[in-house]
**Q** 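My questions all concern the structure below.
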Amino acid sequence: MDYQFKDIEKKWQSFWAANQTFKADSQSSKPKYYVLDMFPYPSGAGLHVGHPLGYIASDIFARYKRLKGFNVLHPMGYDSFGLPAEQYAIQTGQHPAITTEDNIATYRRQLDQIGFSFDWSREVRTSSPDYYKWTQWIFMQLFNSWYNKDADKAQSIDTLIAHLEQSGSKGINAVSDDDTASFTAEEWKALSHDEKQTELLKYRLTYLRESTVNWCAALGTVLANDEVKDGFSERGGYPVEQKKMMQWSMRITAYAERLLQGLDNIDWPDPLKEMQRNWIGKSVGAMVKFSLESKVLSPESGAEVSYLEVFTTRVDTIFGVTTIVIAPEHELVQTLTTPEHKAEIDACIAQTKKKSELDRMADTKTISGAFTGSYVINPLNGAKVPVWIADYVLAGYGTGCVMGVPSGDQRDYLFAKHFDLPIIPILDIQNIEVEADPTKEGKYINSDFINGLGYKEATTVVIAKLEELGMGYGKINYRMRDAIFGRQRYWGEPVPVYFKDGLPYLIEESELPLILPEVDKYLPTESGEPPLARAENWKYASPKSSPKERTSEINEVNSFSFGEGGGEALYEYELSTMPGWAGSSWYWYRYMDAQNSTEFASKEAIAYWKDVDLYIGGSEHATGHLLYSRFWNKFLKDLGLVGEEEPFKKLINQGMIQGRSNFVYRVNDDEGRGTNTFVSFGLKGEYKTTALHVDVNIVENEILDTQKFKKWREDFADAEFILENGKYICGVEVEKMSKSKFNVVNPDDIIERYGADTLRMYEMFLGPLEQSKPWNTNGIEGVFKFLRKFWRLFHNDAWEFNVSDAEPNKAEYKSLHKIIRKVEEDVDRFSFNTSVSSFMIAVNELTDLKCNKRSILQDMVLILSPYAPHICEELWVLLGNEAGTLSYAPYPKFNAEYLVENEFAYPVSINGKTKMNLNLSLSLDNSEVEELVKANTDVQRYLEGKTLKKVIVVKGRIINLVI
RNA sequence: GCCCAGAUGGUGGAACUGGUAGACACGCAGGACUUAAAAUCCUGUUCCCGUAAACGGAGUGCGGGUUCGAUUCCCGCUCUGGGUACCA
């Protein structure tokens, strides 16, 4: 009987669906295990063969855990808001919801074919109102919270208001836009309602602020830093420019330290943790004030300024300061510039502006800057230090102002050399002849009271002195910026906010979800407003009656009296929508309780499932999704809504599957035009050729199917071929998988030809899960043959196949227990490729043994079932088990006794050279082994009178004799 | 530039804490079955010398080191992939 994979797979997929085999229990006496995949964006192209790699791995793991007795939650859903559907809508006028619906149907069909054990009853879609209601709800919680640094957590904004009412800004230790704000309780109370709101906005965890954003004109939207690559948008590759806009932001910087610390307690790949650490970019240093010679007025705030403040990580080098350099965009540039230097400074600023467009970052070699004519005073030695501007100083980091220490910093060094400024060595071992020496070794020189000290000591002493003088203090800076949260797009979650007198207010919780309105077109308006401005009646109608019982002063600032007549007033809704990462920053909680209409997930569900035990996805989300998710999780934890500080305990990055393109070589004629003759790869050196992509689906093992090639495209119908050894060999190159390169392999085709079980095993067999690798189908035959061989173990005519209940023999037990141990080890370290090999060996052994023992075969089916579930279900029933019981059957237990051997021969080397085979028994201790070895006649022969110095035994084996 | 990961036959890869390098699979070559092909099965397959074979020499990107013994550990390079980019 042949292996009819199509019938078998269809049968079991229907069975699982009909019986809800993989529905996770909300309550169970079994321990819980949560296996999660990064949910896909359902693109129009459908799944290609690279997408399921991670899903297959997680599915194997989930199925394995079920067999091991865990209550497994293994859900799937769709991150269904996003740009491509909207771009398509702009081009075709088709509503993105319809496109998305179609794409999801395709994804679902493709996923089902692979035989995943997802619990589809918990499916989520970020674009569904039932879902985004809660995304909006979380946004509201963020709006209503501030970060209390003393408690080191987010708290309700009411607690902040209460504090302000009580004692003003005194004693508030918050993360805010403006940490210099100070007023008394009386001053606070005297503020108008709008002034209070403006003030509070500086503390809210999501807030509106004018910020410099990455504006992509072609996409008509703002992009986050991680969506911009080298000045171009990640999606589409359009140019991105800097622009100032009023934007919603998320105060992720409040969590910088916790995001950093949390990395130490989670089992994630080190490179990924490292990426997040770099992104957060913690630097420990100090703030130092350099007094101005005379006080000036700030052009922005009008306040008196008496010093320039710098941030430095090397405060120990303060005696080597020869310049203070400020960013050309710094607010005091014009104020500090003396009339005789104005021309130079203006020229320099103009040049910077021109440059910053595109190549400011590419061009790091050119040194440009100018002297303002002003001086400041070094607080520790009173030296007069000139103030310069230079474009290597960024306005957006630290104070936009640095102290130039040419001896220790290469940029300062180049700057000093270029403008002929002094360079002061500050460490005795410093070598500064050709470049700066940033060493921390040696003893200080030219450095007043720290002369002779070492780095650590000097740093402590300098900071202490600065603090004593009131001219500085130790400070930690982070590179990470607050995350921009608004997008000027249609296909996203509406922000549940309306505006009154220019200030944002939340809509009522009871009014959620705020449904995305219909629009006539998906483009921005003529006046440049986001697409939502096109929606009719996109206005907030205040509730008919004022909310009751809003009498307290605290509540007063959160609400206001509505239109006099009741229900008359209409207010503008926020027009931007949320970014792609909003919906994906909490979705793992929704799976815990996907149908809940009163909470984002019930307390009980969250208390039971807690967190994700295993998360599988690509490392490209390192500084996006994975960071934002950790941020929201910590916030939800602060509010007591969830229990765990970190959402994803263990994370595995699956490697990317790259495309593998095939080429044919068209022979050119003398004029360089292409002929219709194609030369095989090995002979192409003898001709002038042009390489053309050829569809990888008509190439097998690099051999072109010339008949299919002629049919592939009309103009190749009468192509001729110059063959080698009767075959046309194609060239190969690894590239991104894309339609235009004809290297896209669709999993449907593979399943059609070999079945889902083969696809699953082959994707694992291809190589280590975490490694990126090109897809090629060259080895898939081997996996298919293996499954067929496994099938034949149960259906072979060569021996009468009767399941026997007899006691298995030693050899059969040995094969079985070898594979039990191997697969357990492999699954635990996600080395699925090596277990596939081990299966092949085990099945070969059992075939050779003509094994028909029920217990052995049954255990084999169990062990293989996570990898190839369909065939195993079929064989499980064949062995007399009830249909559907396989997925929760107990996993076979490993017993080491079956692997013990009493006697074996192995090579032993003498002084490192392999010389002889020894037959010895195990389970002796080292001294006994030594005696035995000495008594061995073979060894005697080699010794030839010399003494045996050492017997090296490893894991009970003699490896080497030292003579 | 900086940070991280990697480099093993014709190919994908294995060797888990230093212990017979090349498991397993693909491909290739030869053979069996067949009128033939496909399918299946068997044998060989790191390279070099040589042969009927045994055997001998080299060998895990390159150059050193530690060790009885290194793909594995250490130092210095080369190349490839990923991240990041004037962060003071």
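Since this is a predicted model, take the numbers as computed values, not measurements. Order of the sequence lines sets the chain letters (A, B, ...), proteins ahead of strands, with each chain counted from 1.
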**Q** Counting Watson-Crick and G-U wobble pairs only, both distances under 3.5 Å, name the nucleotide matched with B/U11, or none.
**A**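 B/U11 is paired, partner B/A25.
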
**Q** Say whether, by atom type as modelled, one donor and one acceptor occur between the side chain of A/Lys282 and the main chain of A/Ile280 under 3.5 angstrom.
**A**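 Judged by distance alone, no pair lies under 3.5 Å.
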
**Q** Distance check, P atoms only: B/A21 and B/U46, in whole angstrom units.
**A**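 Roughly 14 Å separates the two P atoms.
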
**Q** To the nearest 0.5 Å, how far apart are CH2 in A/Trp791 and CG in A/Asp2?
**A**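 CG of A/Asp2 is found 9.5 Å from CH2 of A/Trp791.
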
**Q** Return the CG to CZ distance between A/Asn833 and A/Phe830, rounded to the nearest 0.5 Å.
**A**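 So the CG of A/Asn833 and the CZ of A/Phe830 are separated by 13.0 Å.
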
**Q** How far, in whole Å, is B/U11 from B/G65 if one measures between their P atoms?
**A**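 After rounding to an integer number of Å, I get 30 Å for this pair.
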
**Q** Consider only side-chain N and O atoms of A/Tyr397 and A/Ser283, and report whether a donor and an acceptor are under 3.5 Å apart.
**A**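 The answer is yes; a qualifying pair exists.
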
**Q** May I ask which nucleotide in the shown strands pairs with B/C73, Watson-Crick or G-U wobble, both distances under 3.5 Å?
**A**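 When the pairing criteria are applied, B/G65 turns out to be the nucleotide that pairs with B/C73.
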
**Q** On RNA chain B, check which nucleotide each of A/Ser838 and A/Thr399 is closest to and give me the residue with the more 5' one.
**A**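 So the residue in question is A/Ser838.
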
**Q** Reading nucleotides 8-16 of chain B 5' to 3', which nucleotides get B (base under 4.0 Å from a protein heavy atom), which S (sugar-phosphate only), which -?
**A** ----BSSSB

**Q** Take atom CZ of A/Arg792 and atom P of B/U40, then tell me their distance rounded to the nearest Å.
**A**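 A/Arg792 atom CZ is separated from B/U40 atom P by 7 Å.
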
**Q** First locate atom CD of A/Glu770, then atom CD1 of A/Ile652, and finally report the distance between them rounded to the nearest 0.5 Å.
**A**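 Those atoms lie 5.0 Å apart.
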
**Q** Can you tell me if A/Lys785 touches the phosphate of B/C26, counting only side-chain N or O atoms and a distance under 4.0 Å to OP1 or OP2?
**A**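 So the side chain of A/Lys785 is within the cut-off, an N or O lying under 4.0 Å from OP1 or OP2 of B/C26.
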
**Q** Can you tell me how far C1' in B/A7 sits from the matching atom in B/U43, rounded to whole Å?
**A**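 Here B/A7 and B/U43 have their C1' atoms 33 Å from each other.
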
**Q** Picking from B/C3, B/A23, B/A88, which would you name as closest to the side chain of A/Glu274?
**A**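 Side chain of A/Glu274 sits closest to B/C3.
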
**Q** Roughly how many Å apart are B/G27 and B/G63, using the P atom of each and rounding to a whole number?
**A**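 Taking atom P in both B/G63 and B/G27, they lie 35 Å apart.
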
**Q** Choose from B/C24, B/A85, B/U40 the nucleotide whose nearest atom is closest to any side-chain atom of A/Arg479.
**A**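 Nucleotide nearest to A/Arg479's side chain: B/A85.
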
**Q** Quick one: OG on A/Ser838 to CZ on A/Arg821, what's the gap to the nearest 0.5 Å?
**A**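 Spacing of OG (A/Ser838) from CZ (A/Arg821) equals 10.5 Å.
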
**Q** If you compare all heavy atoms of A/Cys401 against all heavy atoms of A/Ile326, which two are closest, and at what distance to 0.1 Å?
**A**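 Smallest interatomic distance, heavy atoms only, reads SG-CG2, 3.4 Å.
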
**Q** Does A/Phe415 have any ring pair (Phe, Tyr, Trp, His ring centres under 6.0 Å) partners at least two apart in sequence or in another chain, and if so, which?
**A**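 Partners of A/Phe415 under the ring pair (Phe, Tyr, Trp, His ring centres under 6.0 Å) test: A/Trp388, A/Tyr392, A/Phe419.
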
**Q** Which nucleotide in the list B/C3, B/A88, B/A25 gets nearest to the side chain of A/Phe311?
**A**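 Nearest nucleotide to the side chain: B/A88.
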
**Q** Pick the P atom in B/C3 and in B/G59, then give their distance to the nearest Å.
**A**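 Those two atoms are separated by 33 Å.
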
**Q** Roughly how far apart, to the nearest Å, are B/C87 and B/G76 at atom C1'?
**A**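 It works out to 31 Å between them.
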
**Q** Which nucleotide wins on minimum distance to the side chain of A/Met840, given the candidates B/C24, B/A5, B/A88?
**A**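 The answer is B/C24, which lies nearest to the side chain.
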
**Q** Under 4.0 Å between a side-chain N or O of A/Tyr478 and OP1 or OP2 of B/C87?
**A**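 It does not, given that no N or O in the side chain of A/Tyr478 lies less than 4.0 Å from OP1 or OP2 of B/C87.
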
**Q** Measure the distance from CG on A/Asn653 to C1' on B/G83 and round it to the nearest whole Å.
**A**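 Value for this atom pair: 12 Å.
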
**Q** For A/Arg277 and B/G83, give me the distance from atom CZ to atom P, rounded to whole Å.
**A**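 Distance check: A/Arg277 CZ to B/G83 P gives 19 Å.
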
**Q** OP1 or OP2 of B/U40 less than 4.0 angstrom from a side-chain nitrogen or oxygen of A/Arg788, does that happen here?
**A**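 Answer is yes, contact under 4.0 Å.
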
**Q** Rounding to the closest angstrom, what is the interatomic distance between B/U80 and B/A88 at atom C1'?
**A**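 B/U80 and B/A88 have their C1' atoms separated by 33 Å.
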
